[in-house]
> 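Input: one structure, supplied below.
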Amino acid sequence: MNEKEVSRDEQWMRHAMMLATRAEAIGEVPVGAVVVLGEEVIGEGWNQSITTHDACAHAEVMALRAAGERVGNYRLVGAELFVTLEPCCMCAGALIHSRVARVVYGASDLKTGADTSVFNLLADPRHNHRLTVSRGVLAQECAHQISAFFQRRRSEQKAARAQAKAAAASDQQEA
């Protein structure tokens, strides 16, 4: 990959990271995705599973849905998807079925990653569509965005438990 391609990939990954901040702002795990055809954004998405009560509302699926609406076809031939986290099994399947040409992701997902971390669905030769995968673009920044979210969430939960414990102790003293 030449320097121009790296710069372009980083540009689009930063766009996906910006979308991930939208997910975080609504209390979702900060994952963002953008679908690009040529140099045009045709779909954007961020995690919305919690807020929409939809297990399928991952960033990639939301971006693919928006892109399909935009071009009037679920097949996104020639499109690239940039996502901040390695796709899961569901999203990998959606990427294959949508005929995306290339997937670029930032952080690996060591729990549910479907590229190489846990599963290897994107490269499985039994699929009727093959796509190209570029891994680790701005990986540290993407991983930090997600890990900082979970660290903050754990701290908030710990503080809430301590506050509840203190309130219960106070209630006992009053009784």
> Counting neighbours of CD on Q11 that are heavy atoms of other residues, nucleotides or ligands and sit closer than 6.0 Å, is the number greater than 12?
yes
> Would E40 and R70 count as a salt bridge (charged side-chain N to carboxylate O under 4.0 Å, His left out) here? Give the steps.
CA-CA 11 Å; E40 180 184 0; R70 174 87 184 268; 2.4 Å; yes
> Taking C-beta and beyond as the side chain, do V103 and T132 meet within less than 4.5 Å on heavy atoms?
no
> Starting from L131, can I reach F119 by hopping between I/L/V/M/F/W/Y residues whose side chains sit under 4.5 Å apart?
no
> Say you draw a straight line from CG of L121 to SG of C88; how long is it, rounded to the nearest 0.5 Å?
9.5 Å
> Sub-3.5 Å donor-acceptor pair from the side chain of N47 to the main-chain atoms of P30, do we have one?
no
> Please check if M18 and V36 belong to a single hydrophobic cluster, counting links between Ile, Leu, Val, Met, Phe, Trp and Tyr side chain heavy atoms closer than 4.5 Å.
yes
> Please check if the number of heavy atoms outside H97 that lie under 6.0 Å from its NE2 is greater than 12.
no
> Please report the interatomic distance CZ(R99) to CZ(R75), rounded to the nearest 0.5 Å.
4.0 Å
> Grouping I, L, V, M, F, W and Y whenever their side-chain heavy atoms are under 4.5 Å apart, do V41 and Y74 come out in a common cluster?
no
> Step through the shown structure and confirm whether more than 12 heavy atoms of other residues, nucleotides or ligands are within 6.0 Å of CD on Q157.
yes
> Once you round to the nearest 0.5 Å, how far does CE of M17 lie from CG of L19?
11.0 Å
> What is the distance from atom CD1 of I96 to atom OG of S98, rounded to the nearest 0.5 Å?
9.0 Å
> D54 vs R65, test: salt bridge (charged side-chain N to carboxylate O under 4.0 Å, His left out). Steps then yes/no.
CA-CA 14 Å; D54 179 359; R65 286 176 180 168; 3.7 Å; yes
> For residues L64 and L76, determine if any side-chain heavy atom of one lies less than 4.5 Å from a side-chain heavy atom of the other.
yes
> Regarding Q48 and H58, do their side chains bring together a donor and an acceptor under 3.5 Å, going by distance alone?
no
> I want to check something: taking the side chain as every heavy atom from C-beta on, are E60 and L81 in contact at a cut-off of under 4.5 Å?
yes
> From R161 CZ over to E156 CD, what is the distance, rounded to the nearest 0.5 angstrom?
11.5 Å
> Quick one: are R14 and V34 in side-chain contact, heavy atoms under 4.5 Å?
no
> Given the rule that I, L, V, M, F, W and Y join up when any side-chain heavy atoms are under 4.5 Å apart, are I146 and V61 in one cluster?
no
> Salt bridge between E80 and R8, side-chain N to carboxylate O under 4.0 Å?
yes
> Any sub-3.5 Å donor-acceptor pair from E86's side-chain atoms to T116's backbone N or O?
yes
> Mind checking whether M13 and V100 sit in one hydrophobic cluster, side chains of I, L, V, M, F, W, Y counted as touching below 4.5 Å?
no
> Does E44 use its side chain to pair, donor to acceptor, with the backbone of V35 at less than 3.5 Å?
no
> Side chains of S134 and R102: any donor to acceptor distance under 3.5 Å?
yes
> Do T51 and E28 pass the side-chain hydrogen bond (donor to acceptor under 3.5 Å, both in side chains) test, and can you show the C-alpha distance, the side-chain angles, and the key distance before you say yes or no?
CA-CA 8 Å; T51 53; E28 298 275 357; 3.0 Å; yes
> Heavy-atom count check: over 12 atoms from other residues, nucleotides or ligands less than 6.0 Å from H144 NE2?
no
> May I ask you to say whether R126 pairs ionically with D124, meaning some side-chain N is under 4.0 Å from a carboxylate O?
yes
